[in-house]
Amino acid sequence: MASLKFCHSNGNPFAVTRHATPRSTRPTRIGFKIFASDNHSEPDLSVCVNGLQMPNPFVIGSGPPGTNYTVMKRAFDEGWGAVIAKTVSLDAAKVVNVTPRYARLRAGANGSAKGQIIGWENIELISDRPLETMLKEFKQLKKEYPDRILIASIMEEYNKAGWEELIDRVEQTGIDAIEVNFSCPHGMPERKMGAAVGQDCALLEEVCGWINAKATVPVWAKMTPNITDITMPARVALSSGCEGVAAINTIMSVMGISLDTLRPEPCVEGYSTPGGYSCKAVHPIALAKVMSIAKMMKSEFNDKDYSLSGIGGVETGGDAAEFILLGANTVQVCTGVMMHGYGLVKKLCEELKDFMKKHNFKSIEDFRGVSLQYFTTHTDLVRRQQEAIRERKAIKKGLQSDKEWTGDGFVKETESMVSN
């Protein structure tokens, strides 16, 4: 017999507020909808995030895997929970990419072609395809997959009218949500785009105000790790009306220098530029950033009214489980798809289910955020350890009565009661 699952969803007239004390005067973008799901003995991977119902928490992260209709259609066909398209802006003519634009770091000597790939750098810009072309493809995808979640990633210059026009045009295609790219570490910072906004909280608050006053679908703010305290912009984004945050985008990096040519990688006509670092090696850094954001959301916001999307070095179901244990609702994968293909989602789902079965978790919510409670300060760690040592020392040594003596352990039992 089907069980009823309640999920907020855009477009319903019976809207509910997102906060006990609203942080924005605009109407809520989340309505109320009922979904039916069958009871299974298998763990349930489905998630409901800001009114977006997904079959699993695995989301195609904005980048090459969401660059056109063909590849996004492939992602839906393979079973990804949602797709975030490659970032678009009003004027694609300003975007000129170069090739090669990627460089890999392997677990081995400099330049080794045999070691495991642990790092990936890109100097790729946002979509260089005309906005009108991308919009037509969004519309076609929503026509073919009306029940699947398609999210537009957007970025624009420091111009209120430009942001409003871009939001209006992407929403007309029927997309389900917007992720705002406040985090690309390279490209066009001189135009106050990407991380140039995400690193400036005053600028971020102003731009978020423009966006959230215009948007009628849920908005996620994608955070840059290239900042001292990532909770500061995340707090501003949520306070300014965003329904969720995503973290992390790539880390500013120089991949390496060829010891043969003395030139940096990726090498374009003998030259290069710093780019964004991703893949397995960034996973621990991403976990720390997500943990900080999750703790802030839990203490300062009603985290059940907001969402957190974890990003960084996800190639296994275990990698994803770590993000969810730290409070993430969804997990994004970009470089992993570039390395392993769209079929990776099946492996991710099976491995995440295996983890859930091991701990008898029936749903994602059963373990979301469970590990947050085990993070504390170094001072508290010292206190806890000293207390544990005192307790161990307080335990009486030796036998408590004559009846406890045994023949087999007689010598050791004697030693346990010697004082010197």
Side-chain angles (χ1 to χ4, degrees), residues 10 45-47 49-90 92 95 97 101-102 120 122 124-155 166-167 169-181 183-184 215 217-220 222 244 246 249-250 278 307 309-311 314-315 320 330-349:
N10 179 55
L45 295 185
S46 67
V47 294
V49 186
N50 303 133
L52 311 176
Q53 184 73 22
M54 306 178 193
N56 60 66
F58 297 109
V59 178
I60 291 287
S62 181
T67 197
N68 60 41
Y69 165 83
T70 302
V71 297
M72 289 188 280
K73 175 180 170 62
R74 176 65 181 274
F76 283 138
D77 289 341
E78 290 286 351
W80 288 84
V83 171
I84 302 176
K86 193 170 185 181
T87 304
V88 296
S89 63
L90 288 175
V95 182
N97 279 300
R101 66 191 72 158
Y102 309 131
W120 188 286
N122 83 86
E124 186 161 295
L125 303 180
I126 63 176
S127 178
D128 56 11
R129 305 177 70 222
L131 176 62
E132 194 58 45
T133 300
M134 291 291 281
L135 296 179
K136 287 179 180 178
E137 295 183 357
F138 292 170
K139 194 170 184 178
Q140 182 63 27
L141 282 164
K142 284 306 299 179
K143 180 180 179 181
E144 295 181 21
Y145 300 89
D147 298 326
R148 303 303 295 276
I149 302 303
L150 177 62
I151 301 173
S153 174
I154 64 173
M155 180 197 289
L166 182 57
I167 291 167
R169 294 183 70 182
V170 297
E171 284 197 357
Q172 286 182 35
T173 67
I175 52 95
D176 300 283
I178 292 171
E179 183 180 82
V180 190
N181 188 337
S183 49
C184 183
V217 296
V219 174
W220 296 357
K222 191 172 184 179
N249 205 327
T250 53
S278 61
S307 66
S309 192
I311 316 166
V314 173
E315 295 183 41
T330 59
V331 179
Q332 296 186 31
V333 187
C334 182
T335 307
V337 178
M338 296 168 71
M339 294 172 58
H340 304 293
Y342 291 89
L344 175 65
V345 69
K346 294 180 174 61
K347 173 177 177 286
L348 294 174
C349 286

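Note that these values count all heavy atoms, side chains included, but never hydrogens, waters or copies made by symmetry. Index from 1, following the sequence.
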Discussion item. Quick check for you: to the nearest 0.5 Å, what is the distance between Q140 atom CD and L150 atom CG?
Written reply: 12.0 Å
Worksheet item: What are the two closest non-hydrogen atoms of S309 and T330, and how far apart are they?
Response: OG-OG1, 2.7 Å
Worksheet entry | K139, NZ: over 12 other non-hydrogen atoms inside 6.0 angstrom | no
Fill in: side chain to side chain contact (heavy atoms under 4.5 Å, CB included) involving D128 - partner list, sequence neighbours excluded
V95, N97
Validation: residues 59-68 side-chain donor-acceptor distances under 3.5 Å, sequence neighbours left out:
residue: S62; atom: OG; partner: A85; partner atom: O; Å: 2.9
residue: S62; atom: OG; partner: T87; partner atom: N; Å: 3.3
residue: S62; atom: OG; partner: T87; partner atom: OG1; Å: 3.3
residue: N68; atom: OD1; partner: T70; partner atom: N; Å: 3.1
residue: N68; atom: OD1; partner: V71; partner atom: N; Å: 3.0

Practice prompt. Sequence neighbours left out, what passes salt bridge (charged side-chain N to carboxylate O under 4.0 Å, His left out) with R74? Give chain and number order.
Written response: E78
Worksheet item: So do the side chains of L344 and F58 get within less than 4.5 Å of each other, counting heavy atoms only?
Response: no
Fill in: Partners meeting salt bridge (charged side-chain N to carboxylate O under 4.0 Å, His left out) with E137 (sequence neighbours left out)
R129
Fill in: Check: V217 and I178 side chains under 4.5 Å, non-hydrogen atoms
yes
Worksheet entry | Test salt bridge (charged side-chain N to carboxylate O under 4.0 Å, His left out) applied to K136 - qualifying residues, sequence neighbours left out | none
Fill in: Which residues share a salt bridge (charged side-chain N to carboxylate O under 4.0 Å, His left out) with E144, sequence neighbours left out
K73
Fill in: Test ring-ring contact (aromatic ring centres under 6.0 Å, His included) applied to Y342 - qualifying residues, sequence neighbours left out
none
Fill in: Residue pair I167 / A215: nearest heavy atoms and the distance that separates them
CG2-CA, 3.9 Å
Worksheet entry | For D77, all residues meeting side chain to side chain donor-acceptor pair (under 3.5 Å), sequence neighbours excluded | Y145
Worksheet item: Do the non-hydrogen side-chain atoms of V331 and I311 ever get within less than 4.5 Å of each other?
Response: no
Worksheet entry | Distance-minimising heavy-atom pair for N56 and G81 | OD1-N, 3.1 Å
Worksheet item: For S307, which residues count as a side chain to side chain donor-acceptor pair (under 3.5 Å) partner, sequence neighbours excluded?
Response: N50, W220
Worksheet entry | Gap separating the CG atom of N181 from the CG atom of N249, nearest 0.5 angstrom | 6.0 Å
Fill in: With sequence neighbours excluded, residues passing side chain to side chain contact (heavy atoms under 4.5 Å, CB included) with P55
R148
Worksheet item: Which atoms form the tightest heavy-atom contact between V88 and S127, and what is the distance?
Response: CG1-CB, 4.3 Å
Practice prompt. Look up atom CE in M155 and atom OG in S183, then write down how far apart they are to the nearest 0.5 Å.
Written response: 7.0 Å
Discussion item. For the CD1 atom of I84 and the CD1 atom of I175, what is their distance to the nearest 0.5 Å?
Written reply: 11.0 Å
Worksheet entry | Gap between atom CD of E171 and atom CG of D176 - 0.5 Å precision | 11.0 Å
Fill in: Counterpart residues, side chain to side chain contact (heavy atoms under 4.5 Å, CB included), relative to S278 (two or more places apart)
W120, T250, T335
Worksheet item: Got a sec, which residues hit side chain to side chain contact (heavy atoms under 4.5 Å, CB included) with R169, two or more places apart in sequence or on another chain?
Response: L90, L131, E132, L135, E165
Worksheet item: Nearest 0.5 Å, what's the CH2-CD distance between W80 and Q332?
Response: 10.5 Å
